[in-house]
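Note that the structure is a prediction, hence the values are computed from the model and not measured.
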Amino acid sequence: MTYSQIWDLDSLYPNPQTAEFQAVWDQFLTKLESLSTESDSLPAIAQEAESVKIWADFLTRWAEVRGQYWELSSLAGCHAAADAGNTEYRTLEAKLAALSPQAEKISSAIEFALQPCSQETFEAFLAHDERLQELSFFLTEQKQMADLRLPREQELLASELSVDGFSAWGRLYDRLSGDLRVTLMEKGELVEKSPGQVQFDDPLRSVRENKFFAASKSWDTIADTCADALNHLSGTRLTIYKRAGLKDHLEMPLARNRMQRETLDAMWNEISAFQPILKKYLDRKAKLLGQDKLAWYDLQAPLPQKYLGQVDPVIKYDTACNLISEAFDQFSPDLGEFARMSYDKQWIEAESRAGKRQGGFCTGFDLLKESRIFMTYNDTADSMSTLAHELGHAYHSWVLKDEPLLQQDYPMNLAETASTFAEAVLGEHRLKTADDQTQLAILEGMLGDAVGFLMNIHCRFLFEDAFHQERAKGELSANRLSELMLDAQKSAYQGALQDDGWYPGFWISKLHFYITGVPFYNFPYTFGYLLSLGVYALADEYGDEFPARYKQLLINTGCCSAEDAVQNTFDRDLRGPEFWRKSLQIVETRLNRFLELSDNL
């Protein structure tokens, strides 16, 4: 069967360049502005009938307007991604971004109204209206987050000051890193490239090494300014946390991810115990590359072609679609059927053509109960995995489509569960039918991912944790930040790299450290990766019951803590070691097969 590689956006909303869309836009603005004004005069949370009704009506309308705001943002993003040169689409993106403060104002009004409310009053308030009872998780979470914020007037002042303070440091980093250029020698001439264009995946080690040192030299030129930015970002957060009465620098990130500290500790403890085992992969890769030990710039190096044979065959889009739905079918017929529906309804933009943005994403249209996937398919196994990954995201939204709109959101640590799970299903399906050389290539990719999640992200967490602890006592120099990063890398990578092969300046080049909206932009990725593997490992145990339990798990991500979502569906306690060990056993099985295959080369 032939599937369209061009998505259908016009069935969602009129094209943004039409008069029909302008009418939609005007109606939306009227609703948003009305709610924004109304949020200024909301009554106190109380159990009196009049207050309850006003709040229930307001939240019902806010759910719809909020949903449309995100749908219009998704629509603008889709059009702009598919037609990157169209200035009208970029203008619409900017107009929607400019409305963000109004939307945030309404969200804040809800939190601040809940902040002084006693638990007794709150429970009585919920009990007086079915609409509020349906949103009990959403409102409870809003109240919990409000308790972690400053009092209203202080919070508003901090928000205003952040434009020229906290947020400005993040923007400064974006500007510095965006303007940075790396000077390289190509074909006898010096050329300048942006850091994102400099990759360390060349088969020749000398090329990787030269690129790495050239990039490091460029990043070092802005090290002191980046140290200032990092110090002030962390310092601002720590001051606000102290004023708000938070225990430490991890309380807010954990709350945002609906996680308990015991869960985070249990996960990292099991990962630390597993890292010496995973180091065997790095040692074997070094041997296959003809080296005693790897350097940082070798981590993404491909294995020599002599070990892999012809393992990157052309996989046409239609073939990839069929392979994915076939793999999904064997695991969950519902997941396979969803994939076929996505192909048939043209929810996927995959055509390789000029004028598209780079990268890939899945975005939801919750009011319309649909999703759209953007990527550029290039007939490779990697592209097929990306398609499976994004279909996993779309399926996550699909199973939540009938839940209350305000309870279809899930935190960052749960966002990658369905997508990584879908990739795992496809990967394991491919392994079962592949010859030895193809298996080696697939496993190399899987274990490279494992190093990323279990070592690279762990070193970033260790660095950021140590940095915040020292920052509470005063500012750190660029040299001290590099020392902390080196210590973190040596710990997480178990000393696997050569003595001069570490990257102490990683803190300068890693954007995630400078994102102002999300503190500790690291551990949620590892959590999502291991959660998906742990759930995958339970499939045989639950047999025919598994698809329904998995679906319920995804639904629970919108209305439960991370711990409750898993406990209520698979009866596993994330605060203990057992679940994480089971997740890591999958990685160890892959590792052992990789070692076995490479022994026979």
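Of all heavy-atom pairs spanning Leu400 and Leu554, the tightest one is CD2-O, 3.8 Å. In terms of heavy-atom proximity, Leu426 sits nearest to Ala388 at CD2-CB, 3.7 Å. Closest of all the heavy-atom pairs between Ala80 and Glu93 is CB-OE1, 3.5 Å. Contact detail for Phe365 and Ser74: the closest heavy-atom pair is CZ-CB, 3.6 Å. The minimum heavy-atom distance linking Ala63 with Leu405 is given by the pair O-CD1, 3.9 Å. Contact record, Leu289 with Pro304: CD2-CD, 3.8 Å, taken as the closest heavy-atom pair.
For Phe338 and Phe328, the ring centers sit 6.0 Å or farther from each other. Between Tyr542 and Tyr550, a ring centre-to-centre spacing not shorter than 6.0 Å is recorded. A centroid separation of less than 6.0 Å is found between the aromatic rings of Phe527 and Trp580. In this structure, Trp296 has its ring center under 6.0 Å from that of Tyr493.
The backbone N or O of Cys362 sits less than 3.5 Å from a side-chain atom of Glu390, completing a donor-acceptor pair. Under the 3.5 Å distance criterion, the side-chain polar atoms of Glu71 are matched with a main-chain donor or acceptor of Asp366. Arg575 places no side-chain N or O within donor-acceptor distance of the main-chain N or O of Arg261, the cut-off being under 3.5 Å. Not one N or O on the side chain of Gln408 forms a donor-acceptor pair closer than 3.5 Å with the backbone of Ser397. Under a 3.5 Å cut-off, the side chain of Arg357 and the backbone N or O of Ala84 do not form any donor-acceptor pair. Counting only distance, with no hydrogens or angles, the side chain of Ser383 and the backbone of Tyr377 share no donor-acceptor pair below 3.5 Å. Within the 3.5 Å criterion, the main-chain N or O of Asn413 finds no donor-acceptor partner in the side chain of Arg258. The main-chain N or O of Phe453 is found under 3.5 Å from a side-chain atom of Thr526 such that the two form a donor-acceptor pair. Remark: the backbone N or O of Ser491 is paired with a side-chain donor or acceptor of Gln494 at under 3.5 angstrom.
To the nearest 0.5 Å, the span separating OG on Ser598 from NZ on Lys287 amounts to 8.0 Å. The CG atom of Asp83 sits 11.0 Å away from atom CG of Leu9, with the distance rounded to the nearest 0.5 Å. Taking CG from Leu574 and CD from Glu262, the interatomic distance works out to 11.5 Å, rounded to the nearest 0.5 Å. The CG atom of Asp174 lies 8.5 Å from the CD1 atom of Ile515; values are rounded to the nearest 0.5 Å. Separation of atoms CH2 (Trp7) and CD1 (Ile373) is listed at 9.5 Å; rounding is to 0.5 Å. If you take OG on Ser371 and CD1 on Ile348, they are separated by 10.5 Å, rounding to the nearest 0.5 Å.
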Evaluation steps, ring pair (Phe, Tyr, Trp, His ring centres under 6.0 Å), between Phe570 and Phe579
CA-CA 10 Å; Phe570 290 104; Phe579 180 86; 8.6 Å; no

Determine, stepwise, if the pair Ile324 / Tyr343 fulfils side chain to side chain contact (heavy atoms under 4.5 Å, CB included).
CA-CA 11 Å; Ile324 289 170; Tyr343 311 149; 3.7 Å; yes

So Tyr503 and Tyr297, ring pair (Phe, Tyr, Trp, His ring centres under 6.0 Å) or not? Walk me through it.
CA-CA 9 Å; Tyr503 185 20; Tyr297 49 82; over 10 Å; no

Set out, in order, the CA-CA distance, both residues' side-chain angles and the distance that settles side chain to side chain contact (heavy atoms under 4.5 Å, CB included) for Gln260 and Ser561, then state yes or no.
CA-CA 9 Å; Gln260 296 180 25; Ser561 68; 5.5 Å; no

Checking salt bridge (Lys or Arg N to Asp or Glu O under 4.0 Å) for the pair Asp298/Arg208: CA distance, chi angles, key distance, verdict?
CA-CA 7 Å; Asp298 295 319; Arg208 297 195 301 272; 2.8 Å; yes

Evaluate the criterion side chain to side chain contact (heavy atoms under 4.5 Å, CB included) for residue pair Asp599 and Glu596; output intermediate values, then yes/no.
CA-CA 5 Å; Asp599 272 338; Glu596 177 188 351; 5.6 Å; no

Would you please test Lys293 and Leu497 for side chain to side chain contact (heavy atoms under 4.5 Å, CB included) and show each step?
CA-CA 6 Å; Lys293 281 189 171 184; Leu497 306 188; 5.9 Å; no

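A salt bridge between Lys356 and Glu349 is present, with a side-chain N of the basic residue lying under 4.0 Å from a carboxylate O of the acidic one. Look at Arg590 and Glu428 and you find a salt bridge, because one of the NZ, NE, NH1 or NH2 atoms lies within 4.0 Å of a carboxylate O, short of that distance. Using a cut-off of 4.0 Å between Lys/Arg side-chain N and Asp/Glu carboxylate O, Arg205 and Glu209 are scored as not salt-bridged. In summary, Asp402 and Lys369 engage in a salt bridge, as defined by a charged side-chain N under 4.0 Å from a carboxylate O. With respect to the salt-bridge test (charged N to carboxylate O, under 4.0 angstrom), the residues Lys279 and Asp283 qualify. A salt bridge is defined here as a Lys NZ or Arg NE, NH1 or NH2 lying under 4.0 Å from an Asp or Glu carboxylate O, and Lys316 with Asp379 meets this definition.
With no hydrogens or angles considered, a side-chain donor-acceptor pair links His389 and Glu416 at under 3.5 Å. Under the 3.5 Å distance criterion, with hydrogens and angles disregarded, a donor-acceptor pair is assigned to the side chains of Ser194 and Gln197. For the residue pair Arg460 / Asn456, a side-chain donor-acceptor distance below 3.5 Å is found, with atom types taken as modelled. Under the 3.5 Å distance criterion, with hydrogens and angles disregarded, no donor-acceptor pair is assigned to the side chains of Ser352 and Asn378.
Leu530 is listed as a side-chain neighbour of Met267, based on a closest heavy-atom distance under 4.5 Å. Within the 4.5 Å cutoff, side-chain heavy atoms of Leu387 are placed close to those of Tyr317. Taking the side chain as every heavy atom from C-beta outward, Leu511 and Ser177 never approach each other to under 4.5 Å. Residues Asp436 and Asn600 are not in side-chain contact: their nearest non-hydrogen atoms beyond the backbone lie 4.5 Å or more apart. When side chains are defined from C-beta on, Ile277 does not count as touching Leu584, because their heavy atoms never get closer than 4.5 Å. Using a 4.5 Å heavy-atom threshold, the side chains of Thr363 and Phe374 count as separate.
Screening residues 319-341 for salt bridge (Lys or Arg N to Asp or Glu O under 4.0 Å) gives Asp329-Arg340, Asp334-Lys551, Glu337-Arg340 as the qualifying pairs, with residues at least two apart or on separate chains. Among residues at least two apart or in separate chains, salt bridge (Lys or Arg N to Asp or Glu O under 4.0 Å) pairs with a member in residues 530-541 are Glu541-Arg572.
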May I have the list of side-chain donor-acceptor pairs in residues 439-446 shorter than 3.5 Å, sequence neighbours left out?
residue : atom : partner : partner atom : Å
Gln439  : OE1  : Arg593  : NE           : 2.9
Gln439  : OE1  : Arg593  : NH2          : 3.4
Gln439  : NE2  : Ala434  : O            : 3.3
Glu444  : OE1  : Tyr281  : OH           : 2.8
Glu444  : OE2  : Tyr281  : OH           : 3.3
Glu444  : OE2  : Lys285  : NZ           : 3.0

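When the options Phe463, Phe520, Phe461 are evaluated for a ring pair (Phe, Tyr, Trp, His ring centres under 6.0 Å) with Phe513, the one that passes is Phe463.
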